[in-house]
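Have a look at this one.
Quick note on labels: first sequence line is chain A, next is B, and so on, each numbered from 1.
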There are 2 protein chains.
Amino acid sequence: MRSLADRIEAYIKQMLEVSEQGFVELQRSEIAQIFACVPSQINYVLSTRFSPEQGYLVESRRGGGGYLRIIKLDVDSKEWLSDLIAMVDNSFVSQQAGEGLVDRLLEEEFLTDREALLVKAIISREALPVPLPQRDLVRAHLLKAVLVTLMRDEFQ
Amino acid sequence: MRSLADRIEAYIKQMLEVSEQGFVELQRSEIAQIFACVPSQINYVLSTRFSPEQGYLVESRRGGGGYLRIIKLDVDSKEWLSDLIAMVDNSFVSQQAGEGLVDRLLEEEFLTDREALLVKAIISREALPVPLPQRDLVRAHLLKAVLVTLMRDEFQ
DNA sequence: TATCTTTTGACCTTACTTGACCTTAGTTCC
DNA sequence: GGAACTAAGGTCAAGTAAGGTCAAAAGATA
(Lines give C-alpha, C1' and ligand atoms only; values in the text may rest on other atoms or scores of the structure.)
Protein backbone atom coordinates (compact mmCIF):
# COMPACT_ATOMS: atom_id res chain seq x y z
CA MET A 1 0.00 0.00 0.00
CA ARG A 2 1.51 3.28 -1.09
CA SER A 3 1.89 5.83 1.63
CA LEU A 4 -0.05 9.02 1.96
CA ALA A 5 3.12 10.94 1.18
CA ASP A 6 3.47 9.00 -2.09
CA ARG A 7 -0.07 9.81 -3.08
CA ILE A 8 0.31 13.49 -2.33
CA GLU A 9 3.54 13.52 -4.32
CA ALA A 10 1.78 11.92 -7.28
CA TYR A 11 -1.08 14.38 -7.02
CA ILE A 12 1.22 17.40 -7.14
CA LYS A 13 3.25 15.97 -10.01
CA GLN A 14 0.05 15.32 -11.88
CA MET A 15 -0.98 18.95 -11.38
CA LEU A 16 2.41 20.08 -12.61
CA GLU A 17 2.06 17.94 -15.68
CA VAL A 18 -1.27 19.44 -16.53
CA SER A 19 -0.29 22.99 -15.77
CA GLU A 20 1.70 23.92 -18.89
CA GLN A 21 3.45 26.83 -17.17
CA GLY A 22 5.84 24.70 -15.20
CA PHE A 23 4.47 25.64 -11.82
CA VAL A 24 1.40 25.18 -9.68
CA GLU A 25 0.00 27.26 -6.90
CA LEU A 26 -2.01 25.70 -4.19
CA GLN A 27 -3.20 26.10 -0.64
CA ARG A 28 -1.63 23.90 1.94
CA SER A 29 -4.85 23.53 3.91
CA GLU A 30 -6.80 22.65 0.79
CA ILE A 31 -4.53 19.75 -0.14
CA ALA A 32 -4.54 18.65 3.46
CA GLN A 33 -8.30 18.54 3.30
CA ILE A 34 -8.37 16.56 0.08
CA PHE A 35 -6.16 13.91 1.62
CA ALA A 36 -7.72 14.21 5.07
CA CYS A 37 -4.42 14.81 6.79
CA VAL A 38 -2.72 17.45 8.90
CA PRO A 39 -1.34 20.43 6.96
CA SER A 40 2.22 19.78 8.04
CA GLN A 41 2.11 16.54 6.07
CA ILE A 42 2.29 18.70 2.96
CA ASN A 43 5.53 20.23 4.20
CA TYR A 44 6.93 16.77 4.69
CA VAL A 45 6.13 15.83 1.12
CA LEU A 46 7.58 19.05 -0.22
CA SER A 47 10.81 18.72 1.69
CA THR A 48 11.38 15.08 0.84
CA ARG A 49 10.21 15.11 -2.80
CA PHE A 50 10.43 18.59 -4.17
CA SER A 51 13.89 19.70 -3.15
CA PRO A 52 16.21 21.72 -5.38
CA GLU A 53 18.37 18.67 -6.09
CA GLN A 54 15.27 17.01 -7.39
CA GLY A 55 14.72 19.91 -9.71
CA TYR A 56 12.01 21.78 -7.88
CA LEU A 57 11.70 25.09 -6.13
CA VAL A 58 9.04 25.85 -3.57
CA GLU A 59 7.99 29.39 -2.83
CA SER A 60 5.35 30.31 -0.34
CA ARG A 61 3.62 33.09 1.44
CA ARG A 62 1.92 33.11 4.81
CA GLY A 63 -1.06 35.00 6.07
CA GLY A 64 -4.27 35.89 4.29
CA GLY A 65 -4.06 34.97 0.65
CA GLY A 66 -1.13 32.70 1.43
CA TYR A 67 -0.10 29.98 -0.98
CA LEU A 68 2.47 27.41 -1.97
CA ARG A 69 4.02 27.66 -5.39
CA ILE A 70 5.83 24.61 -6.64
CA ILE A 71 8.06 25.32 -9.57
CA LYS A 72 9.58 22.71 -11.79
CA LEU A 73 12.96 24.10 -12.70
CA ASP A 74 13.53 24.27 -16.39
CA VAL A 75 16.64 22.47 -17.34
CA ASP A 76 17.22 22.62 -21.03
CA SER A 77 20.80 23.66 -20.59
CA LYS A 78 24.01 22.47 -19.06
CA GLU A 79 23.76 25.28 -16.61
CA TRP A 80 21.41 23.21 -14.57
CA LEU A 81 24.00 20.48 -14.43
CA SER A 82 26.59 22.84 -13.01
CA ASP A 83 24.08 24.05 -10.46
CA LEU A 84 23.46 20.46 -9.47
CA ILE A 85 27.15 19.81 -9.20
CA ALA A 86 27.51 22.79 -6.91
CA MET A 87 24.63 21.56 -4.78
CA VAL A 88 25.89 18.04 -4.51
CA ASP A 89 29.49 19.04 -3.97
CA ASN A 90 30.66 18.36 -0.46
CA SER A 91 27.19 17.60 0.74
CA PHE A 92 25.36 14.59 2.06
CA VAL A 93 22.79 12.98 -0.20
CA SER A 94 20.34 10.37 1.04
CA GLN A 95 19.32 7.49 -1.17
CA GLN A 96 15.86 8.95 -1.54
CA ALA A 97 17.14 12.36 -2.60
CA GLY A 98 19.61 10.73 -4.96
CA GLU A 99 16.92 8.70 -6.65
CA GLY A 100 14.87 11.84 -7.02
CA LEU A 101 17.76 13.48 -8.80
CA VAL A 102 18.23 10.53 -11.12
CA ASP A 103 14.53 10.49 -11.93
CA ARG A 104 14.79 14.11 -12.89
CA LEU A 105 17.85 13.52 -15.08
CA LEU A 106 15.89 10.77 -16.77
CA GLU A 107 12.88 12.95 -17.27
CA GLU A 108 15.00 15.62 -18.89
CA GLU A 109 16.64 13.00 -21.06
CA PHE A 110 20.11 13.56 -19.73
CA LEU A 111 20.09 9.85 -18.98
CA THR A 112 18.53 6.89 -20.75
CA ASP A 113 16.40 4.34 -18.89
CA ARG A 114 19.30 1.94 -18.75
CA GLU A 115 21.70 4.56 -17.47
CA ALA A 116 19.22 5.62 -14.80
CA LEU A 117 18.88 2.01 -13.64
CA LEU A 118 22.64 1.72 -13.46
CA VAL A 119 23.09 4.90 -11.49
CA LYS A 120 20.31 4.00 -9.08
CA ALA A 121 21.89 0.63 -8.47
CA ILE A 122 25.17 2.34 -7.78
CA ILE A 123 23.83 4.78 -5.23
CA SER A 124 21.78 2.19 -3.37
CA ARG A 125 22.61 1.31 0.20
CA GLU A 126 23.66 -2.23 -0.65
CA ALA A 127 26.22 -1.07 -3.16
CA LEU A 128 27.89 1.21 -0.64
CA PRO A 129 29.45 -0.79 2.20
CA VAL A 130 30.18 2.31 4.24
CA PRO A 131 28.58 3.35 7.52
CA LEU A 132 26.45 6.45 7.82
CA PRO A 133 26.95 9.36 7.66
CA GLN A 134 29.93 8.69 5.41
CA ARG A 135 27.72 6.76 3.02
CA ASP A 136 25.73 9.86 2.14
CA LEU A 137 28.97 11.63 1.42
CA VAL A 138 30.20 8.88 -0.90
CA ARG A 139 26.84 8.95 -2.64
CA ALA A 140 27.22 12.69 -3.20
CA HIS A 141 30.65 12.13 -4.73
CA LEU A 142 29.32 9.43 -7.02
CA LEU A 143 26.51 11.65 -8.20
CA LYS A 144 28.96 14.44 -8.78
CA ALA A 145 31.06 12.10 -10.91
CA VAL A 146 27.96 11.21 -12.89
CA LEU A 147 27.00 14.84 -13.39
CA VAL A 148 30.49 15.80 -14.46
CA THR A 149 30.48 12.97 -16.98
CA LEU A 150 27.18 14.21 -18.35
CA MET A 151 28.84 17.53 -19.09
CA ARG A 152 31.65 16.01 -21.09
CA ASP A 153 31.54 16.60 -24.80
CA GLU A 154 32.17 12.99 -25.73
CA PHE A 155 29.05 12.14 -23.85
CA GLN A 156 26.59 13.37 -26.46
CA MET B 1 9.63 -32.62 6.28
CA ARG B 2 10.53 -29.48 4.37
CA SER B 3 11.71 -26.66 6.51
CA LEU B 4 9.88 -23.43 7.02
CA ALA B 5 12.54 -21.67 4.98
CA ASP B 6 11.93 -24.08 2.10
CA ARG B 7 8.22 -23.45 2.21
CA ILE B 8 8.64 -19.69 2.23
CA GLU B 9 11.06 -20.00 -0.66
CA ALA B 10 8.55 -22.06 -2.63
CA TYR B 11 5.78 -19.61 -1.84
CA ILE B 12 7.74 -16.66 -3.18
CA LYS B 13 8.87 -18.54 -6.27
CA GLN B 14 5.27 -19.50 -6.92
CA MET B 15 4.28 -15.86 -6.72
CA LEU B 16 7.05 -14.99 -9.16
CA GLU B 17 5.82 -17.62 -11.62
CA VAL B 18 2.37 -16.18 -11.58
CA SER B 19 3.43 -12.59 -11.75
CA GLU B 20 4.17 -12.06 -15.45
CA GLN B 21 6.22 -8.93 -14.81
CA GLY B 22 9.21 -10.79 -13.48
CA PHE B 23 8.96 -9.40 -9.99
CA VAL B 24 6.75 -9.47 -6.93
CA GLU B 25 6.17 -6.96 -4.23
CA LEU B 26 5.24 -8.04 -0.76
CA GLN B 27 5.24 -7.02 2.88
CA ARG B 28 7.67 -8.76 5.14
CA SER B 29 5.27 -8.73 8.06
CA GLU B 30 2.47 -10.14 5.93
CA ILE B 31 4.47 -13.16 4.81
CA ALA B 32 5.67 -13.63 8.36
CA GLN B 33 2.06 -13.75 9.45
CA ILE B 34 1.07 -16.24 6.79
CA PHE B 35 3.80 -18.60 7.94
CA ALA B 36 3.41 -17.70 11.60
CA CYS B 37 7.06 -16.89 12.05
CA VAL B 38 9.20 -13.93 13.05
CA PRO B 39 9.72 -11.31 10.33
CA SER B 40 13.47 -11.78 10.28
CA GLN B 41 12.92 -15.30 9.01
CA ILE B 42 11.97 -13.72 5.71
CA ASN B 43 15.35 -12.01 5.56
CA TYR B 44 17.01 -15.34 6.14
CA VAL B 45 15.15 -16.86 3.22
CA LEU B 46 15.92 -13.91 0.99
CA SER B 47 19.60 -13.91 1.79
CA THR B 48 20.07 -17.65 1.42
CA ARG B 49 17.81 -18.27 -1.59
CA PHE B 50 17.38 -15.06 -3.49
CA SER B 51 20.88 -13.73 -3.95
CA PRO B 52 22.17 -12.35 -7.26
CA GLU B 53 24.26 -15.50 -7.68
CA GLN B 54 21.03 -17.44 -7.55
CA GLY B 55 19.44 -15.14 -10.07
CA TYR B 56 17.46 -12.76 -7.93
CA LEU B 57 17.63 -9.16 -6.87
CA VAL B 58 15.87 -7.85 -3.78
CA GLU B 59 14.96 -4.21 -3.34
CA SER B 60 13.19 -2.83 -0.32
CA ARG B 61 11.88 0.21 1.41
CA ARG B 62 11.42 0.81 5.12
CA GLY B 63 8.94 2.89 7.00
CA GLY B 64 5.26 3.45 6.34
CA GLY B 65 4.32 1.96 2.98
CA GLY B 66 7.45 -0.17 3.08
CA TYR B 67 7.82 -3.29 0.95
CA LEU B 68 10.09 -5.99 -0.40
CA ARG B 69 10.47 -6.34 -4.15
CA ILE B 70 11.94 -9.56 -5.43
CA ILE B 71 13.14 -9.39 -9.01
CA LYS B 72 14.01 -12.37 -11.17
CA LEU B 73 17.18 -11.87 -13.15
CA ASP B 74 17.69 -13.09 -16.69
CA VAL B 75 20.29 -15.59 -15.68
CA ASP B 76 20.22 -18.11 -18.53
CA SER B 77 21.37 -15.92 -21.37
CA LYS B 78 24.00 -14.29 -19.23
CA GLU B 79 26.01 -16.94 -17.59
CA TRP B 80 29.14 -14.98 -18.21
CA LEU B 81 27.83 -12.17 -16.04
CA SER B 82 27.08 -14.51 -13.16
CA ASP B 83 30.63 -15.71 -13.31
CA LEU B 84 31.89 -12.17 -13.14
CA ILE B 85 29.66 -11.45 -10.18
CA ALA B 86 31.08 -14.41 -8.36
CA MET B 87 34.57 -13.18 -9.08
CA VAL B 88 33.96 -9.66 -7.93
CA ASP B 89 31.96 -10.65 -4.88
CA ASN B 90 33.74 -9.98 -1.62
CA SER B 91 36.94 -9.07 -3.32
CA PHE B 92 39.09 -5.99 -3.73
CA VAL B 93 39.21 -4.43 -7.17
CA SER B 94 41.78 -1.82 -8.15
CA GLN B 95 40.87 1.00 -10.46
CA GLN B 96 42.91 -0.58 -13.22
CA ALA B 97 41.27 -3.97 -12.84
CA GLY B 98 37.87 -2.28 -12.72
CA GLU B 99 38.49 -0.39 -15.92
CA GLY B 100 39.62 -3.60 -17.54
CA LEU B 101 36.37 -5.21 -16.57
CA VAL B 102 34.40 -2.31 -17.97
CA ASP B 103 36.32 -2.51 -21.24
CA ARG B 104 35.44 -6.15 -21.56
CA LEU B 105 31.80 -5.42 -20.89
CA LEU B 106 31.99 -2.81 -23.60
CA GLU B 107 33.62 -5.22 -26.05
CA GLU B 108 30.99 -7.83 -25.40
CA GLU B 109 28.39 -5.12 -25.92
CA PHE B 110 26.88 -5.45 -22.51
CA LEU B 111 27.49 -1.72 -22.13
CA THR B 112 27.26 1.19 -24.55
CA ASP B 113 30.06 3.73 -24.86
CA ARG B 114 28.19 6.20 -22.71
CA GLU B 115 27.46 3.63 -20.04
CA ALA B 116 31.09 2.59 -19.96
CA LEU B 117 32.15 6.21 -19.49
CA LEU B 118 29.69 6.59 -16.64
CA VAL B 119 30.81 3.47 -14.88
CA LYS B 120 34.46 4.36 -15.25
CA ALA B 121 33.79 7.77 -13.78
CA ILE B 122 32.06 6.14 -10.87
CA ILE B 123 34.81 3.71 -10.04
CA SER B 124 37.56 6.28 -10.36
CA ARG B 125 39.65 7.23 -7.37
CA GLU B 126 38.30 10.76 -7.28
CA ALA B 127 34.72 9.64 -7.03
CA LEU B 128 35.44 7.44 -4.04
CA PRO B 129 36.40 9.47 -0.99
CA VAL B 130 37.45 6.44 0.99
CA PRO B 131 40.96 5.43 2.02
CA LEU B 132 42.62 2.29 0.73
CA PRO B 133 42.19 -0.60 1.10
CA GLN B 134 38.53 0.07 1.75
CA ARG B 135 38.24 1.91 -1.55
CA ASP B 136 38.94 -1.25 -3.53
CA LEU B 137 36.22 -2.98 -1.60
CA VAL B 138 33.69 -0.27 -2.35
CA ARG B 139 34.69 -0.43 -6.00
CA ALA B 140 34.03 -4.16 -6.01
CA HIS B 141 30.59 -3.59 -4.56
CA LEU B 142 29.84 -0.93 -7.15
CA LEU B 143 30.88 -3.21 -9.98
CA LYS B 144 28.77 -5.99 -8.57
CA ALA B 145 25.78 -3.63 -8.52
CA VAL B 146 26.48 -2.79 -12.15
CA LEU B 147 26.74 -6.43 -13.16
CA VAL B 148 23.55 -7.32 -11.35
CA THR B 149 21.75 -4.48 -13.09
CA LEU B 150 22.96 -5.79 -16.44
CA MET B 151 21.14 -9.01 -15.67
CA ARG B 152 17.78 -7.36 -15.17
CA ASP B 153 15.15 -8.01 -17.78
CA GLU B 154 14.27 -4.36 -18.19
CA PHE B 155 17.85 -3.74 -19.11
CA GLN B 156 17.52 -4.76 -22.75
C1' DT C 1 30.04 -35.24 18.29
C1' DA C 2 31.11 -31.55 15.21
C1' DT C 3 29.41 -28.72 11.89
C1' DC C 4 26.05 -26.64 9.11
C1' DT C 5 21.41 -24.80 8.64
C1' DT C 6 17.41 -22.91 10.55
C1' DT C 7 14.73 -20.36 13.90
C1' DT C 8 13.99 -16.79 17.20
C1' DG C 9 14.16 -12.40 19.47
C1' DA C 10 16.30 -8.17 21.05
C1' DC C 11 17.69 -4.04 19.22
C1' DC C 12 18.51 -0.70 15.14
C1' DT C 13 17.52 2.41 11.13
C1' DT C 14 14.54 4.53 7.96
C1' DA C 15 10.26 6.60 6.49
C1' DC C 16 5.86 8.43 7.44
C1' DT C 17 2.20 10.73 10.40
C1' DT C 18 0.40 13.75 13.83
C1' DG C 19 -0.19 17.67 16.72
C1' DA C 20 1.24 21.49 19.60
C1' DC C 21 3.14 25.78 19.10
C1' DC C 22 5.25 29.66 16.17
C1' DT C 23 5.59 33.33 12.53
C1' DT C 24 3.82 36.23 8.93
C1' DA C 25 0.39 38.83 6.32
C1' DG C 26 -3.97 40.87 5.82
C1' DT C 27 -8.38 42.98 7.91
C1' DT C 28 -11.20 45.50 11.03
C1' DC C 29 -12.24 48.64 14.37
C1' DC C 30 -11.47 52.27 17.22
C1' DG D 1 -2.28 54.58 12.54
C1' DG D 2 -2.11 51.09 16.05
C1' DA D 3 -4.42 47.06 18.51
C1' DA D 4 -6.81 43.14 18.02
C1' DC D 5 -8.34 39.59 15.17
C1' DT D 6 -8.17 36.24 11.43
C1' DA D 7 -6.01 33.53 7.89
C1' DA D 8 -2.71 31.58 6.14
C1' DG D 9 2.01 28.78 6.15
C1' DG D 10 6.45 26.89 9.13
C1' DT D 11 8.94 24.08 12.64
C1' DC D 12 9.95 20.53 15.47
C1' DA D 13 9.57 16.69 18.35
C1' DA D 14 7.02 12.62 19.54
C1' DG D 15 4.68 8.62 17.85
C1' DT D 16 3.96 4.89 14.51
C1' DA D 17 4.99 1.67 10.78
C1' DA D 18 7.62 -0.50 8.27
C1' DG D 19 12.19 -3.34 7.07
C1' DG D 20 17.45 -4.70 8.68
C1' DT D 21 21.08 -6.82 11.58
C1' DC D 22 23.18 -9.87 14.50
C1' DA D 23 24.01 -13.37 17.65
C1' DA D 24 22.38 -17.04 20.40
C1' DA D 25 19.57 -21.16 20.62
C1' DA D 26 17.70 -25.09 18.41
C1' DG D 27 17.63 -28.61 15.01
C1' DA D 28 19.51 -31.41 11.28
C1' DT D 29 23.24 -33.93 9.19
C1' DA D 30 27.48 -36.17 8.44
Legend entry - Salt-bridge contact B:Glu59-B:Arg152 (side-chain N to carboxylate O under 4.0 Å): yes
Legend entry - Ion pair A:Glu107/A:Arg104, N-O distance below 4.0 Å: yes
Inset, instruction - Looking at every strand, decide which applies to A:Arg135 at a 4.0 Å heavy-atom threshold: base, sugar-phosphate, or nothing. - result: sugar-phosphate
Inset, instruction - Among D:dG9, C:dC16, C:dT17, find the nucleotide with the atom closest to the side chain of A:Leu4. - result: C:dT17
Legend entry - OP1 or OP2 of C:dG9 under 4.0 Å from side-chain N/O of B:Ser40: no
Legend entry - Minimum-distance nucleotide (side-chain atoms of B:Ser29 versus C:dC16, D:dG19, D:dG10): D:dG19
Legend entry - Proximal nucleotide (of D:dT21, D:dC12, C:dT6) relative to the B:Asn43 side chain: D:dT21
Inset, instruction - Would you indicate which nucleotide in C:dT8, D:dG20, C:dT14 comes nearest to any side-chain atom of B:Gln41? - result: C:dT8
Inset, instruction - Look at the side-chain N and O atoms of B:Arg61 and state whether any lies under 4.0 Å from the OP1 or OP2 oxygen of C:dC16. - result: yes
Inset, instruction - Check whether more than 12 heavy atoms from other residues, nucleotides or ligands sit under 6.0 Å from atom CD of A:Glu154, and answer yes or no. - result: yes
Inset, instruction - Give one of base, sugar-phosphate or nothing for A:Arg49, where a contact means two heavy atoms less than 4.0 Å apart. - result: sugar-phosphate
Legend entry - Listed nucleotide nearest any side-chain atom of A:Ser3, set D:dG19, C:dA15, C:dT17: C:dT17
Inset, instruction - Report yes if a side-chain nitrogen or oxygen of A:Arg62 is closer than 4.0 Å to either non-bridging phosphate oxygen (OP1 or OP2) of D:dT6; otherwise report no. - result: no
Inset, instruction - May I ask you to say what A:Gln27 touches in the nucleic acid, namely base, sugar-phosphate or nothing, with a heavy-atom cut-off under 4.0 Å? - result: sugar-phosphate
Legend entry - Touch class at under 4.0 angstrom, heavy-atom based, for A:Ile42 against every strand present: nothing
